[in-house]
Peer 1: 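Have a look at the structure that comes next, please.
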Amino acid sequence: MRILQIRSVVSSPNYFPAAQISRPTFNFPGVSSMSELRVRFAPSPTGYLHVGGARTALFNWLYARHFGGTFILRIEDTDTERSTQQSVDAILQGMEWLGLDCDEGPFFQTDNFPLYKQHVQKLLDEGKAYRCWCRPEELEAKREAAMAEGRKPKYDGTCRRRQDQPLDQPHVIRFKAPQEGETAFDDLIKGRIAFPNAELDDLIISRTDGTPTYNFCVVIDDALMRISHVIRGDDHVNNTPRQIQLYEALGYPVPIFAHVPMILGSDKARLSKRHGATSVIAYRDMGYLPEALNNYLVRLGWSNGDDEIFSREEMVQKFDIANVGRSPSVFNPEKLNWLNAHYIKSGDPARLADLLQPHLASRGVTDTATPDLAGVISTLQERAQTLEEMADRALFYYQAPQNYDQAALAKFDKPHLAAVFTAVAAKLSAAAVTTAAECDALFKEICTEGGWKMPQVGQPLRIALSGSTQAPGIGEIVMALGVTEAVARIERAKAALTD
RNA sequence: GUCCCCAUCGUCUAGCCCGGCCCAGGACACCGCCCUUUCACGGCGGCGACGCCGGUUCAAAUCCGGCUGGGGACGCCA
């Protein structure tokens with residue numbers, strides 16, 4: 001019996017195999033077996049995938065991959081007002097970019113309403129839930145009054161023992177929560193956490209319009225999907241006791257919880273837009289590599305001794321919830337830059353070429369055949385922290401300098417420049433250099449012959465070739481550009497001298 | 001306000017569970033030197049922390065208590 005269905009078209013058929021999209025396997029009520037490790041990432045589609053969510057997804061994914069478990073994606077779209085298809089797509093796109101492929105799903109809670117209603121009815125029938133006719137306004141007023149008096153603003157239970165049941169009047173359904181004792185759980189990250197039941201009130205499980213609420217749906221879904229470990233942000237710690245009570249009332253086994261500390265901004269406040277980009281896709285667009293973001297994110301809150309660099313395989317192999325810290329961490333863009341630079345330096349030029357293409361296109365460079373982009377990239381890998389920066393630095397290869405750094409050029413007199421350009425152009429055309437090293441050797445020869453020091457030849461040449469003094473090694477530029485183009489640029493610079 | 005959680009360099013963290021090897025290690029950032037045809041890369045070195053107060057102990061970053069500080073939750077949001 002299939003309970004959950006897929007409703008939406010996924011942006012990337014390759015990432016979430018079509019077979020799984022059309023036929024999600026999901027059985028009811030096989031909830032007794034906890035032997036299989038099953039985790040899930042359950043974002044609500046009310047915005048893009050932010051770095052906090054991405055880290056939660058990554059930890060879940062890593063945990064599943066480490067133990068050969070199952071990673072499930074579930075879209076929590078019960079808030080039909082704020083949920084959008086656009087957000088669903090953005091989340092899927094972000095996960096695809098990070099390579100967090102799911103084994104089951106994406107499932108949508110809105111496809112599941114009948115199932116939740118069934119459970120609400122069950123609770124009602126068993127006397128574990130009751131109807132409540134209190135108006136939102138009066139609840140709000142009571143909340144404020146409680147706050148003002150320094151009490152915890154919780155539902156006072158007015159309708160708990162209400163005698164008349166005017167079913168034709170608008171009402172919600174509340175869970176009849178235990179009022180005495182405590183609800184505790186052993187969190188994999190934080191240890192034992194206990195809440196006095198007196199702190200918890202009768203939460204609404206079904207709204208006036210009959211739609212189920214978050215805390216209720218989560219429990220039903222996690223139970224029926226046989227989720228064994230709930231790994232989520234620690235802003236959910238306070239929801240956990242309520243959910244545990246629901247599991248117990250419903251007779252479902254309680255999963256193991258692991259609450260991951262939040263990611264904060266530089267001011268130690270919860271990370272938000274004002275701290276800079278928080279969208280995963282924004283990082284892609286700023287020229288970060290997915291492996292860099294993943295590596296950065298995995299080290300935020302988790303560590304493996306002094307190790308800093310983790311390949312995907314190493315992450316999977318070494319990741320362990322036990323080594324996740326209990327305190328929140330501050331998002332540090334500088335370290336992300338360092339990791340990104342590392343992966344750019346060690347990346348395969350051909351792959352980097354594919355990734356760089358869009359950044360060049362946005363700068364008006366669409367034909368990257370000549371000079372060969374991979375060759376260009378190999379001269380830039382040690383000089384760029386992001387693909388955006390690399391694209392900027394790559395520009396001169398495709399757009400010959402229109403003007404030269406005059407200030408730098410002014411350090412040399414024109415006869416000297418002309419002599420250097422002439423000598424280099426001649427020598428370069430004659431010799432058949434095939435490597436940057438040979439090329440550099442050629443310049444040394446020219447220095448010797450002309451009685452010049454290397455900077456006297458190097459700087460003018462760099463300016464002639466790239467327009468500026470900050471560029472890759474000259475031999476590298478010449479090889480990437482091709483001798484013919486290099487000579488042409490030198491001739492052009494020489495001609496410009498007489499203007 | 002009430003409840004829950006947290007607390008090592010500016011930041012990410014190791015060490016803490018099972019006290020001594022820690023006058024606390026690594027990384028990012030920053031500073032200096034070296035390398036060098038520019039910019040970078042790289043190498044070497046420097047700066048820099050156990051929040052505070054008590055207690056336990058021969059001995060505490062490590063155990064206990066309090067304080068302070070920070071975060072989170074208190075919705076017919078998720």
Side-chain angles (χ1 to χ4, degrees), chain A residues 42-46 76-79 81-83 109 132 134-136 139-140 143 146-154 170-174 187 189-191 193-196 198-201 203-209 211-215 217-218 233-241 259 261-262 264 266 268-270 296 299-309 323 325-339 341 345 380-385 393 405 408 440 443-444 447 453-463 466 468-475:
Chain A
S44 66
T46 53
E76 313 236 306
D77 57 350
T78 52
D79 182 356
E81 291 285 296
R82 298 194 302 155
S83 298
Q109 291 188 317
C132 171
C134 294
R135 312 282 307 165
L139 292 173
E140 184 58 34
R143 254 196 300 274
M147 284 269 221
E149 284 174 43
R151 295 188 342 264
K152 193 172 181 94
K154 43 176 246 182
H171 60 275
V172 300
I173 295 169
R174 286 182 185 272
D187 192 276
I189 293 169
K190 293 171 183 282
I193 302 177
F195 291 81
E199 287 298 322
L200 280 12
D201 61 0
L203 82 159
I204 293 171
I205 56 177
S206 177
R207 303 183 181 98
T208 302
D209 65 4
T211 57
T213 57
Y214 167 76
N215 278 113
C217 300
V218 175
D234 81 4
D235 48 338
H236 285 291
V237 172
N238 296 275
N239 289 327
T240 308
H259 288 96
M262 306 266 83
L264 311 178
S266 49
K268 305 267 177 127
R270 192 179 181 149
Y296 179 71
R299 280 284 292 105
L300 213 51
W302 174 79
S303 61
N304 183 257
D306 287 337
D307 298 348
E308 294 289 352
I309 306 290
N323 291 329
R326 297 121 306 188
S327 52
S329 27
V330 174
F331 189 87
N332 179 210
E334 253 81 51
K335 190 154 183 179
L336 207 208
N337 282 343
W338 173 71
L339 281 164
K345 267 181 288 185
L380 264 15
Q381 283 177 283
E382 291 190 341
R383 292 165 234 266
Q385 287 198 311
R393 288 170 177 267
D405 183 338
D440 285 333
F443 297 137
K444 288 229 167 68
C447 282
K453 298 235 184 276
M454 197 59 198
Q456 293 178 281
V457 174
Q459 288 297 69
L461 267 183
R462 210 183 310 281
I463 296 167
S466 74
S468 119
T469 56
Q470 298 184 15
I474 306 167

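In what follows, every chain begins at residue 1, and chains take the letters A, B, ... in the order their sequences are listed. The analysis underlying the following values was restricted to heavy atoms, covering all of them including side chains, and did not include hydrogens, waters or symmetry mates.
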Peer 1: Please identify each residue that fulfils ring pair (Phe, Tyr, Trp, His ring centres under 6.0 Å) with A/Y214, with sequence neighbours left out.
Peer 2: A/H236

Peer 1: Atom CG in A/D234, atom CD1 in A/I193: separation rounded to 0.5 Å?
Peer 2: 8.5 Å

Peer 1: B/G1, B/G72, B/C76: which one has an atom nearest the side-chain heavy atoms of A/M147?
Peer 2: B/G1

Peer 1: Consider only side-chain N and O atoms of A/T211 and A/D209, and report whether a donor and an acceptor are under 3.5 Å apart.
Peer 2: yes

Peer 1: Could you state the atom-to-atom distance from CD1 of A/I204 to C1' of B/C76 in whole Å?
Peer 2: 4 Å

Peer 1: What string of B, S and - do you get for nucleotides 4-12 of chain B 5' to 3' if you count protein non-hydrogen atoms under 4.0 Å?
Peer 2: SSSS---SB

Peer 1: How close do A/V237 and A/P241 get, counting heavy atoms only, and between which atoms?
Peer 2: O-CD, 3.3 Å

Peer 1: Using a 4.0 Å heavy-atom cut-off, does A/H259 contact any base of the nucleic acid, only the sugar-phosphate backbone, or nothing at all?
Peer 2: nothing

Peer 1: Hey, what do you get for CD (A/E382) to NZ (A/K345), rounding to the nearest 0.5 Å?
Peer 2: 7.0 Å

Peer 1: Which part of the nucleic acid, if any, lies within reach of A/S303 when heavy atoms closer than 4.0 Å are counted: base, sugar-phosphate only, or nothing?
Peer 2: sugar-phosphate

Peer 1: Which salt bridge (charged side-chain N to carboxylate O under 4.0 Å, His left out) pairs, counting each pair once, include a residue from residues 329-339 of chain A, with sequence neighbours left out?
Peer 2: A/E308-A/K335

Peer 1: How close do A/R174 and A/C132 get, heavy atom to heavy atom, and via which atoms?
Peer 2: NE-SG, 3.3 Å

Peer 1: Counting any heavy atom closer than 4.0 Å, what does A/R82 reach on the DNA or RNA strands: base, sugar-phosphate only, or nothing?
Peer 2: base

Peer 1: Return the nucleotide paired to B/C50: Watson-Crick means purine N1 to pyrimidine N3 with N6-O4 or O6-N4, wobble means G-U with N1-O2 and O6-N3, both under 3.5 Å.
Peer 2: none

Peer 1: Using the P atom as the point on both nucleotides, what is the distance between B/U11 and B/A73, in whole Å?
Peer 2: 22 Å

Peer 1: Partners of A/R143 by salt bridge (charged side-chain N to carboxylate O under 4.0 Å, His left out), sequence neighbours excluded?
Peer 2: A/E140

Peer 1: Closest approach of A/R462 and A/I474, non-hydrogen atoms and distance?
Peer 2: NH1-CG1, 3.7 Å

Peer 1: Using Watson-Crick or G-U wobble geometry with both distances under 3.5 Å, which nucleotide pairs with B/A27?
Peer 2: B/U11

Peer 1: When the C1' atoms of B/U8 and B/C3 are considered, how many whole Å apart are they?
Peer 2: 28 Å

Peer 1: If I take atom CD1 in residue A/I205 and atom P in nucleotide B/A78, what distance separates them, rounded to the nearest angstrom?
Peer 2: 14 Å

Peer 1: Under a 3.5 Å cut-off for both distances, is B/C17 Watson-Crick or wobble paired, and to whom?
Peer 2: none

Peer 1: Using atom OH of A/Y214 as one end and atom C1' of B/A73 as the other, report the distance to the nearest whole Å.
Peer 2: 12 Å

Peer 1: Search all heavy atoms of A/C217 against all heavy atoms of A/T78 and return the closest pair with its distance.
Peer 2: SG-CG2, 3.6 Å

Peer 1: Output the rounded distance in Å from CG (A/N337) to P (B/C30).
Peer 2: 10 Å

Peer 1: Can you give one letter per nucleotide of nucleotides 35-49 of chain B, going 5' to 3': B for a protein heavy atom under 4.0 Å from the base, S for sugar-phosphate only, - for none?
Peer 2: --BBBBSS-------

Peer 1: In whole Å, what separates the C1' atom of B/C53 from that of B/G46?
Peer 2: 34 Å

Peer 1: Any strand counts, and the cut-off is 3.5 Å on both contacts for Watson-Crick or G-U wobble. Which nucleotide pairs with B/G69?
Peer 2: B/C6

Peer 1: Using the C1' atom on both, measure B/C50 against B/A14 and round to a whole Å.
Peer 2: 13 Å

Peer 1: Pick base, sugar-phosphate or nothing for A/N239, based on heavy-atom distances below 4.0 Å to the nucleic acid.
Peer 2: base

Peer 1: Please report the distance, rounded to the nearest Å, between CG in A/L203 and P in B/A78.
Peer 2: 11 Å

Peer 1: With both distances kept under 3.5 Å, what pairs with B/C22, Watson-Crick or G-U wobble?
Peer 2: none

Peer 1: Can you name the ring pair (Phe, Tyr, Trp, His ring centres under 6.0 Å) partners of A/Y296, sequence neighbours left out?
Peer 2: A/F331

Peer 1: Under 4.0 Å, counting only non-hydrogen atoms across every strand here, what does A/S206 touch: a base, just sugar-phosphate, or nothing?
Peer 2: nothing

Peer 1: Would you measure the distance from the C1' atom in B/U13 across to the matching atom in B/A61 and give it in whole Å?
Peer 2: 14 Å

Peer 1: Would you mind reading off the distance between A/K154 atom NZ and B/A73 atom C1', rounded to a whole angstrom?
Peer 2: 15 Å

Peer 1: Does any nucleotide pair with B/C33 by Watson-Crick or G-U wobble geometry, both distances under 3.5 Å, and what is it?
Peer 2: B/G43

Peer 1: Quote, to the nearest angstrom, the C1' distance that separates B/C12 from B/U37.
Peer 2: 37 Å

Peer 1: Hey, could you give me the CG/CD distance between A/L336 and A/Q385, rounded to the nearest 0.5 Å?
Peer 2: 10.0 Å

Peer 1: Roughly how many Å apart are B/C4 and B/G65, using the P atom of each and rounding to a whole number?
Peer 2: 14 Å

Peer 1: Using both distances under 3.5 Å as the test, list the Watson-Crick or G-U wobble partner of B/G75, or none.
Peer 2: none

Peer 1: Would you measure the distance from the C1' atom in B/U56 across to the matching atom in B/G19 and give it in whole Å?
Peer 2: 11 Å

Peer 1: Mind telling me if B/C18 is syn or anti? Syn here is a glycosidic angle within 90° of 0.
Peer 2: anti

Peer 1: Once you round it to whole Å, what is the distance between C1' of B/C28 and CD1 of A/I309?
Peer 2: 11 Å

